[in-house]
Amino acid sequence: MKALKERILKDGHCLPGGILKVDNFINHQMDPILMKSMAVEFVRRFASTEINKILTVEASGIAPAIMVGYLLEIPVVFAKKRKPSTMENMLVTEVFSFTKNQTYTICVSKDYLQSGDKVLFIDDFLANGNAGKGMIDLVQQAGAELVGMGFLIEKAFQKGGEALRQTGIHIESLAIIESLDNCQIKFKE
Ligand code: 5GP
C-alpha cells in the first residue's frame, strides 16, 4: 500500500536487531486518517471473505482492528496479555514476544470467541509469527474458523509470513519489508 510505504520511509526508524520503530503514526502517536485508509484496504482485500468477528492482541493491534470492525460493522475482540483474576471461562495460550523477549500468557473469554465464528485476525506487525500462531491456537480451542490474517507491516526477513502462509491461511500485509540491513528500509516489490 503506497501511502503506508511512503509514511514508513518518511517517519519510520530502524533499531538494531531488525526492529522498525513506527511510534510517530502507529505505535504511540497514531494517525487516524492513515489508520482508516489501511482499514479500507483490508476490507477491499478480504471483500470475498465471510467475516463476523475481528480478533487482535493488546495493545498495538487494537487501533487497526477497531477501524476494520467499524467499517465491517462487526465486533472486535482483543486477546489480553494477562489473565484477569475476575475472569473465568478463558481460552489461554502462550506467545513469545520478539520485541520484549518474553513469553506472555494470552487469553480470550469463551463468551467472545465461539464455535461458528469466522474470525479475521488483525495486527500491526508480522515478524516471527508467534502472535499469529497463538491466535490460531485460540481460534481452534474455541471451535471457530480463522478466515484470514491482516498485518499493517510484515518483515519478510523473519520467518513468520512463510510459516503462516504454509498453513493455507489467507494472509495480507499492507507493506512488506524485505530488509532493514544497515538501517536501510527496503520494501519487497
Ligand atoms: P511476531 O509475533 O510475528 O513474532 O511479532 C509480532 C509482534 O511483535 C507485533 O504484534 C508487534 O507488536 C511486535 N513487533 C515485531 N517486530 C516489530 C518491529 O519491528 N517493530 C515494532 N514496533 N513491533 C514489532
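In each ligand, atom 1 is the first atom listed, and ligand 1 is the first ligand listed.
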Exercise for the section: Indicate yes or no: does an N/O atom of L20 lie under 3.5 Å from an N/O atom of ligand 1? Expected result: yes

Problem - Side chain, backbone, both or neither: N27 near ligand 1, heavy atoms under 4.0 Å - result: side chain

Handout entry: Part of K155 with heavy atoms under 4.0 Å of ligand 1, whether side chain, backbone, both or neither
Key = side chain

Problem - Parallel, tilted or perpendicular: ring planes of H170 versus F46, cut at 30 and 60 degrees - result: tilted

Practice task
Below 4.0 angstrom from a heavy atom of A127, which ligand 1 atoms are there? Numbered from 1 as shown, please.
Solution key: 1 (P), 3 (O), 4 (O), 5 (O), 15 (C), 16 (N)

Exercise for the section: Please answer: with hydrophobic residues joined when any side-chain heavy atoms are less than 4.5 Å apart, are L146 and V68 in the same cluster? Expected result: no

Handout entry: Contacting atoms of ligand 1, where contact means under 4.0 angstrom from a heavy atom of N128
Key = 1 (P), 3 (O), 4 (O)

Exercise for the section: Looking only at distances, please establish whether an N/O atom of ligand 1 is found under 3.5 Å from an N/O atom of N130. Expected result: yes

Exercise for the section: Mark the output for D124 as yes if a heavy-atom distance to ligand 1 is under 4.0 Å, and as no if none is. Expected result: yes

Handout entry: Shortest reach to atom 13 (C) of ligand 1 by a heavy atom, considering only T99, L126, I177
Key = T99

Handout entry: Main-chain N/O of S179 paired to K188 side chain as donor or acceptor, under 3.5 Å
Key = no

Exercise for the section: Taking atom NZ of K133 as the centre, report whether more than 12 heavy atoms of other residues, nucleotides or ligands fall under 6.0 Å from it. Expected result: yes

Exercise for the section: Examine V57 and Y112 and state if one hydrophobic cluster contains both, with Ile, Leu, Val, Met, Phe, Trp and Tyr joined whenever side-chain heavy atoms are less than 4.5 Å apart. Expected result: yes

Handout entry: Element-labelled atoms of ligand 1 that are located less than 4.0 Å from some non-hydrogen atom of A131
Key = 2 (O)

Problem - Modelled atom types, side-chain donor and acceptor of E94 and T105, under 3.5 Å - result: yes

Problem - Neighbour count above 12 (heavy atom, 6.0 Å) for F96 CZ - result: yes

Completion exercise
Counting heavy atoms under 4.0 Å, the part of S60 that contacts ligand 1 is side chain

Problem - Side chain, backbone, both or neither: the part of I19 lying under 4.0 Å from ligand 1 by heavy atom - result: both

Exercise for the section: Could you tell me the residue and atom name of the protein heavy atom closest to atom 23 (N) of ligand 1, and the distance to it rounded to 0.1 Å? Expected result: F125 CD1, 3.4 Å

Exercise for the section: Ignoring hydrogens and angles, tell me if any N or O in the side chain of S97 forms a donor-acceptor pair with the backbone of Q102 under 3.5 Å. Expected result: no

Handout entry: Verify same cluster id: L9, L20 (apolar side-chain graph, 4.5 Å)
Key = yes

Problem - Contact with ligand 1 for G129, non-hydrogen, under 4.0 angstrom - result: yes

Problem - Under 3.5 Å: N/O of F98 near N/O of ligand 1 - result: no

